[in-house]
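Here is the structure we will look at.
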Amino acid sequence: MNASDAWIDVSVLPPFVAAVLVLLLAPGPDMAFMVATGLRDGRTGAARAAVGITAGVSVYVVLTALGLGAFLATAPGVIDTIQLIGAAYLAYLAWTTWRSSGEPLEVTTAQHTGVFRRGFIVNISNPKIMLFFTAFLPQFLGEATGNPVLQLLMLGLLLQILGLAVDLAIGFAAGTFRTRVLERDNVRKLLERFAATVYGALAAVLIADTTR
């Protein structure tokens, strides 16, 4: 069966997976966020944050497949507003993380219930992800004649699976490191303040990107 007769051109999958892995393994905001979350909240918190990030990506994959990325490209004011909201939220995370650094473990553990929400909000507040998907995903439609919306959704699902695996690996590594120093209060406090600094730096990057 020719690629043009298939629902999706499978010949595009190897280069697509390779391109996605290169993008995922390159240092960036999501990687920094996962490292900071693993150091602050441990492996359980990192897992919840990774799922939250994936949920945020899912929203943008669906919107991209429906063609709304092109609409956002013509509405820079909307993008800037969403990014500033995200920057404000990251700044809030930086402040609360710094303030609570070094607190007893039973206190910090109780704060982990909102980690999924944190990952989702941080990711959904970066609409340029959808603009990137709008330019990136259509390149891999290939010669298949299947419904392009469904093809984009399938490629987006594959991207999410790979992204979740990478985020989990990064977060678990940072969380494992934190676990080994849990009983050393000074070191744990230093790690949590480092996480707060990362959140603050991510907020500053978003603000700079919005105002330039």
Side-chain angles (χ1 to χ4, degrees), residues 20-57 60 82-129 132 160 162-212:
V20 168
L21 288 176
V22 169
L23 292 170
L24 292 174
L25 295 175
D30 278 358
M31 183 178 292
F33 178 79
M34 286 306 305
V35 170
T37 301
L39 294 177
R40 179 183 189 258
D41 301 291
R43 288 173 293 190
T44 300
R48 293 176 180 174
V51 175
I53 286 176
T54 302
V57 172
Y60 281 135
I82 296 174
Q83 286 197 160
L84 288 174
I85 292 173
Y89 183 69
L90 281 166
Y92 168 77
L93 287 181
W95 176 68
T96 56
T97 301
W98 186 281
R99 188 185 62 175
S100 64
S101 62
E103 287 186 351
L105 290 178
E106 60 270 16
V107 175
T108 56
T109 300
Q111 298 172 345
H112 296 175
T113 54
V115 181
F116 170 87
R117 182 178 66 250
R118 190 190 312 164
F120 178 81
I121 292 175
V122 167
N123 211 259
I124 203 70
S125 63
N126 185 7
K128 289 190 175 179
I129 293 175
F132 168 76
Q160 291 171 71
L162 294 171
L164 178 61
V166 171
D167 285 343
L168 285 172
I170 294 170
F172 271 44
T176 298
F177 179 75
R178 179 182 187 273
T179 300
R180 293 179 177 177
V181 298
L182 281 180
E183 302 305 322
R184 301 169 62 180
D185 292 343
N186 290 337
V187 177
R188 181 164 51 83
K189 183 176 182 177
L190 181 63
L191 291 178
E192 290 170 350
R193 289 195 169 182
F194 173 78
T197 303
V198 171
Y199 293 145
L202 290 174
V205 168
L206 271 180
I207 292 172
D209 185 54
T210 303
T211 57
R212 69 181 178 184

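Remark: of the listed residues V57, T37, L24, I53, I53 is the sole one forming a side chain to side chain contact (heavy atoms under 4.5 Å, CB included) with D167.
Side-chain atoms of R178 do not come within 3.5 Å of backbone N or O of G38 as any donor-acceptor pair.
The shortest non-hydrogen separation linking A47 to L168 is CA-CD2, 3.6 Å. Shortest non-hydrogen contact noted between A203 and A87 is CB-O, 3.4 Å. Minimum heavy-atom separation, L39 to E192: O-CG, 4.5 Å. A49 and F33 get closest at one heavy-atom pair: CB-CE2, 4.1 Å. Nearest approach of A36 to A195, heavy atoms of both residues: O-CB, 3.4 Å. Across all non-hydrogen atoms, the minimal contact from L202 to A32 is CD2-CB, 4.4 Å.
Other residues, nucleotides and ligands contribute at most 12 non-hydrogen atoms within 6.0 Å of the CZ atom of F177. Counting heavy-atom neighbours within 6.0 Å of F194 CZ, excluding the residue itself, gives a total of 12 or less.
In this structure, R43 and T179 have side chains that are in contact, with non-hydrogen atoms separated by less than 4.5 Å. In this structure, Y60 and N126 have side chains that are not in contact, with every pair of non-hydrogen atoms separated by 4.5 Å or more. Side chains of L90 and L206 form a contact here, defined as non-hydrogen atoms less than 4.5 Å apart.
Taken from CZ in R40 to CZ in R193, the straight-line distance is 13.5 Å, to the nearest 0.5 Å. Here CD1 of I124 is found 8.0 Å from CD1 of I129. Values are rounded to the nearest 0.5 Å. We find the CZ-CG distance between R118 and N123 to be 14.0 Å, quoted to the nearest 0.5 Å. A distance of 9.0 Å separates OG1 in T54 from CZ in F116, rounded to the nearest 0.5 Å.
D41 and R48 are not joined by a salt bridge, as no carboxylate oxygen comes within less than 4.0 angstrom of a charged side-chain nitrogen.
Side chains of T97 and Y92: a donor-acceptor N/O pair is absent below 3.5 angstrom, by distance only.
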Candidate pair L23 and F132, rule side-chain contact (heavy atoms from CB on, under 4.5 Å), full reasoning: CA-CA 11 Å; L23 292 170; F132 168 76; 3.4 Å; yes
